[in-house]
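Because only heavy atoms are used, hydrogens play no part in the values below, and waters and symmetry mates are left out as well, while side chains stay in. Not measured: the values here are computed from a predicted model. One-based numbering along the sequence shown.
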Amino acid sequence: EREREREVRLPIAKFLNFVCCGRIATTTSTTTSTSGSARAPSQVTVAAARPDYAAQARLLGKAALVLVLAVGAAALTLKAFFLFVVFLSAPLWLPEVVVKLRFHIFTAINGKEGVQFPKGQVQGEAYKKLYNHPAASIRSRQSSVGITDCFWYFLFPVHWLHQEHLESDSPLYSVAVTATKRALTSLSREDQYALARTRAQRLVTERITTAETVRLRQFFFPLFTELFFQLLFHEECPADIKDMIVTSADDVISALKCTKLRNLEVRDRLTQYLMKRIEAGACEDLFEPGFTVKEKALHLQGVFFHTGSVQLSEAMAHLVLCIAQHPHVQAKLQAADGSKYLEQVIKEQLRLFPLFGVAHRISCEDITLPDDTVLPTGSVLLFNFQAFQTTGFDDALSFKPERWDTLVERECNYMPFGAPKNRPCPAQRLSETWMAAVGQVMVENLDMFSVINHTRSMPCGGLCLLSPRTSPLGSGQILTRMLRTLVAVAVEDVVRSMKQLVFGTFMLLHARHQRLAVRYFNGEDI
């Protein structure tokens with residue numbers, strides 16, 4: 001039956017490829033034994049010239065759009081046709097406008113105190129020098145309402161105790177740093193890799209039994225929740241607790257992306273659970289004296305189950321999208337023996353889609369820039385990681401893992417985990433280890449395809465078609481599914497963009513009204 005289906009689908013797939021690309025499709029094939037079972041993934045033939053199905057789907061989508069516009073031009077008046085074009089083209093321009101507007105608001109919310117970098121002469125090494133400057137050291141203490149109040153609003157209830165937002169001179173900071181370091185180094189690198197690989201293999205085996213289109217961020221949330229739970233409590237995470245943690249983490253990232261309003265009850269349920277575990281004696285080996293039970297619970301919730309789970313799920317979603325949208329990279333990974341090329345792919349993904357969009361620091365004294373401009377004390381320095389890491393490279397906006405054959409990280413515009421002298425991400429080693437383990441499992445077991453517009457904000461969660469390599473889809477099936485995704489994403493982008501405008505406006509105004517950071521540093525009750 002499979003052979004008969006293939007005989008029917010193959011001519012259709014070849015015709016679609018010929019229409020889209022002017023060439024006959026080359027298909028990935030598997031060798032079938034006399035018993036009818038496909039070979040194991042390690043024996044699957046990898047076609048080096050795998051068709052770029054995403055490009056073909058986009059081309060077909062554009063052709064359909066042109067056809068609809070042609071019909072509209074013939075049937076409508078000029079004014080009606082203009083409105084029709086604006087409405088129909090909304091998925092092409094509205095999401096980008098909303099993203100730029102949000103970034104502009106985050107910059108402008110600090111008023112004259114806010115300065116965005118890189119800019120002017122502050123590029124490359126000058127950018128690194130400024131980021132590492134001893135005076136660029138304040139995390140949250142602003143003289144007036146600004147970006148800190150917004151971040152605290154989104155991170156509530158862990159806002160005032162989050163390690164990223166604690167001041168270095170705070171007595172709470174040293175306790176937080178010690179607890180985080182002890183948890184992150186509780187396993188050797190080999191054990192961290194083995195743990196992540198085992199759990200990722202289980203996720204892929206249980207979840208992807210047939211081809212399925214998933215939202216990658218949500219797909220990876222349960223995995224990293226399990227991993228952090230094991231790291232902290234040294235036991236398997238129960239299903240109901242995992243769901244509770246995932247729901248809480250998803251609420252945080254959804255609010256940050258302004259796709260829905262905060263649900264503080266969801267977050268409080270996780271806080272209460274962690275408090276009960278700590279009261280029962282969990283995590284005693286992590287904390288030095290100085291934290292109450294609730295402060296310990298908030299630290300675990302903010303650092304590991306919110307920031308850690310969210311950041312790693314996003315990073316893995318970006319990694320899989322990069323692989324899915326570059327067929328030659330996917331083919332090379334599936335044929336590669338060893339992890340060196342995967343490490344290069346991860347570096348390149350982190351360069352183009354860094355963990356942080358914008359990080360901010362507040363100057364504790366005047367800073368003189370290379371052009372002799374003086375940034376006064378209290379300036380809010382906004383460091384745009386993506387802008388910094390997409391300059392100073394040949395063909396900087398292209399995804400080229402091979403560039404790392406010769407480049408050295410410290411000599412490039414590259415620091416995805418933050419400035420080494422200004423409190424960088426403490427989980428760099430763990431993140432790279434887990435991403436390598438999970439990424440290896442993905443390329444060994446799955447074929448990946450995605451047609452979405454890949455941006456750092458990834459508001460759709462990273463829609464991607466995952467297909468077991470033991471039962472590969474035909475070209476026609478892949479194109480059909482990707483065309484459906486293309487249409488669904490176009491509608492979703494418009495609806496989501498409108499939500500972001502409404503929810504984002506409300507939450508920013510609410511954050512300014514609450515003034516959480518300003519009130520905290522003024523000694524008021526928050």
Side-chain angles (χ1 to χ4, degrees), residues 99-155 159-160 162-170 173 256 307 311 351 354-392 410 412-426 428 456-457 508 511-512 515-518 520-521:
V99 170
K100 289 182 177 179
L101 180 61
R102 288 178 63 222
F103 188 82
H104 173 73
I105 290 173
F106 272 108
T107 303
I109 200 170
N110 297 288
K112 295 180 180 179
E113 295 177 345
V115 189
Q116 182 190 157
F117 299 98
K119 75 167 193 173
Q121 295 186 27
V122 184
Q123 308 278 348
E125 290 302 316
Y127 177 98
K128 292 181 183 179
K129 185 177 179 180
L130 177 61
Y131 204 154
N132 285 299
H133 198 289
S137 59
I138 300 177
R139 292 301 179 109
S140 300
R141 192 185 296 115
Q142 283 187 252
S143 58
S144 59
V145 176
I147 194 170
T148 301
D149 294 280
C150 295
F151 280 128
W152 280 34
Y153 178 87
F154 290 125
L155 295 176
H159 52 297
W160 63 278
H162 197 292
Q163 185 173 322
E164 171 66 16
H165 296 281
L166 282 172
E167 302 299 343
S168 299
D169 58 359
S170 168
Y173 177 67
L256 280 165
T307 301
Q311 293 280 35
R351 182 186 73 84
L355 297 174
F356 316 114
V358 176
H360 76 285
R361 301 289 184 270
I362 303 166
S363 60
C364 61
E365 60 184 57
D366 293 354
I367 299 176
T368 302
L369 300 180
D371 61 359
D372 294 327
T373 300
V374 177
L375 299 174
T377 301
S379 295
V380 181
L381 315 179
L382 301 167
F383 295 98
N384 187 326
F385 278 78
Q386 192 170 37
F388 168 67
Q389 294 189 162
T390 51
T391 57
R410 63 178 179 274
C412 304
N413 293 352
Y414 181 81
M415 47 182 191
F417 294 93
K421 296 181 181 179
N422 197 339
R423 289 171 51 179
C425 174
Q428 177 173 353
R456 202 208 71 82
S457 61
L508 286 174
R512 286 181 64 86
R515 299 164 48 248
L516 292 173
V518 171
Y520 176 80
F521 289 108

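- Side-chain polar atoms of Y173 and R423 form a donor-acceptor pair below 3.5 angstrom.
- When all heavy atoms of V122 and P370 are compared, the pair lying nearest together is CG2-CD, 4.1 Å.
- With S363 contributing its side chain and S379 its backbone, the two residues share a donor-acceptor pair below 3.5 Å.
- Counting only distance, with no hydrogens or angles, the side chain of E167 and the backbone of I138 share no donor-acceptor pair below 3.5 Å.
- Using a 4.5 Å cut-off on side-chain heavy atoms (C-beta onward), R139 and F151 make no contact.
- Of the N and O atoms on the side chains of H159 and S140, not one donor lies less than 3.5 Å from an acceptor on the other residue.
- Listed for the D371 side chain is no donor-acceptor partner under 3.5 Å among the backbone atoms of G120.
- To the nearest 0.5 Å, atom CG of residue N413 and atom CD of residue E125 are 7.0 Å apart.
- No donor-acceptor pair closer than 3.5 Å links the side chain of Q389 to the backbone N or O of P354.
- Side-chain contact between Q311 and C425 is absent, with no heavy-atom pair separated by less than 4.5 Å.
- In this structure, T148 and H360 have side chains that are in contact, with non-hydrogen atoms separated by less than 4.5 Å.
- Each of H165, R515, H162 was compared with W152 under the side-chain contact (heavy atoms from CB on, under 4.5 Å) criterion, and only H165 meets it.
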Under the ring-ring contact (aromatic ring centres under 6.0 Å, His included) criterion, do F385 and F356 qualify, and how do the steps go?
-> CA-CA 7 Å; F385 278 78; F356 316 114; 5.4 Å; yes
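- L130 has its side chain within reach of F383: a pair of non-hydrogen atoms, C-beta onward, lies under 4.5 Å apart.
- The main-chain N or O of N132 is never found under 3.5 Å from a side-chain atom of N422 such that the two would form a donor-acceptor pair.
- Residues L369 and F117 meet the side-chain proximity criterion, which asks for heavy atoms closer than 4.5 Å.
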